[in-house]
Amino acid sequence: MTAFSKNDFGPGFSWGVATSAYQIEGAVNEDGRSPSIWDTFSHTPGKIKTGENGDVACDFYHRYHDDIAFIRQMNMKVNRFSLAWPRILPGGTGPVNPKGLDFYHRVIDRTLELGLEPWITLYHWDLPQVLEDQGGWTNRDVVGWFSEYVGVCARAFGDKVKHWMVLNEPTIFTALGYMQGLHAPGRKGFANFLPAVHHAAMAQAEGGRILRASVKDAQIGTTFSASYIQPAGPTWLSRAAAASYDAVVNRLFIEPALGLGYPWKAAPFLLALKRYIRPGDMEKLAFDFDFIGLQTYFRQMVRFDPLALGTFAREIPHAERGGELTEMGWEVWPENIYLLLKQFGAYKGVKRIIITENGAAFPDTPQGERVSDPQRLKYIQDHLAQVLRARQEGVRVEGYFYWSLLDNFEWAEGYRPRFGLVYVDYPTQKRILKDSGRWFGEFLAN
Ligand code: FCB
């Protein structure tokens, strides 16, 4: 029993789950799909901790019909999923692949048939490799390539789909993919990171404008990764380090979208972005999003470090801070989501917030037809309590999507961390609704 009920969140609150194409679909060589940067990266030895790749993943490409039914079974309303750009435009730009469009029509139709709402993410990290070969997000032309892709998707699905998210976590795909080399395409350094940031911010707003022009009655958003940033100590240096870290982790993409520009006051190294900014760009970074998607898993604690170039902040590893850790090594600290809702809710330009991802991985083991996952259930309930707390204090948070529907390919970590409400036995592709998923079914029942 929880201290709250679904009614406390109000009748308009959206409940759902989130997934992304590369993490679940598999079928990487089927029906005309071309390789994405994640195919290349996961097939490069040493990049994925377990040596695995997304070739088969959850085989959602063939199993979507039954998989989507789990969302209904849990009495949720929203199926948030992403489109794979290389299925739709195998050349990155140019000819459209009808079989790619067909697959997403089937996913959308199945979603609607079950009385659920499809919420589409246009870019969840699987850039066509042919475009990376031309510089990927570091090449300014990516704004045009992306616009073409968005236009194709909006025209193809706009009659059926009203909820759209332009990018998934631009801070993460630029920082991990183009600065630290930990995610695809595995590039490093400021010379890759900074242009990738500016071009992703341009694409974010441009994508919004294209959707607005081509989809009638669209609700347009984009998603941001977020972590509450806490200074490790009370000193001025510690607080300044936290502020510059916060500028990169939480403010880098939302502020240009809101017309506030890049947060270079708090993180002066971002002034180097100017090298990639052309006249007229700053105005184009803004777009009037109908909602923002907030995605959060943990807080971050930082201390001043003169050797940490850029932010001068160094994160204190979660394991050194004590407390419960998930299978990702991420600290469980539910108040994080409340503090972030307050922080993002304080922006004047933010109309509505949806928690488009939140969740946890724990080592689940099936016992017969059951998977008991009490740690995940507690994680969910404690986070929902904090979401409700923010809502009751006036933050306009209007949805919660659990990450993820299925256990899936967790990027550089491989299949080991299991985030799903549905357990996937990879060798047989058998599914079992975990106890946390059963709980959602009861909690959301009428
Ligand atoms: C987010 C990603 C999502 C998943 C979760 C655990 O950063 O958007 O694809 O990997 O983390």
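For ligands, and for the atoms within them, numbers begin at 1 and follow the listed sequence. Scope of the values below: all heavy atoms of this structure, side chains included, with no hydrogens, waters or symmetry mates.
Every ring-ring contact (aromatic ring centres under 6.0 Å, His included) that H105 has, sequence neighbours left out, goes to F157. For F103, the ring-ring contact (aromatic ring centres under 6.0 Å, His included) partners at least two apart in sequence or on another chain are Y61, Y64.
The stretch residues 161-171 participates, sequence neighbours left out, in no salt bridge (charged side-chain N to carboxylate O under 4.0 Å, His left out) pair at all.
Listed as neighbours of ligand 1 are Q23, H124, W125, N168, E169, Q295, Y297, E357, W403, E410, W411, F419, each bearing a heavy atom under 4.0 Å from the ligand.
For the residue pair E331 / N336, no side-chain donor-acceptor distance below 3.5 Å is found, with atom types taken as modelled. Donor-acceptor pairing under 3.5 Å is lacking for the side chains of E335 and Y228. Residues R80 and N168 have side chains that bring a donor and an acceptor to within less than 3.5 angstrom of each other.
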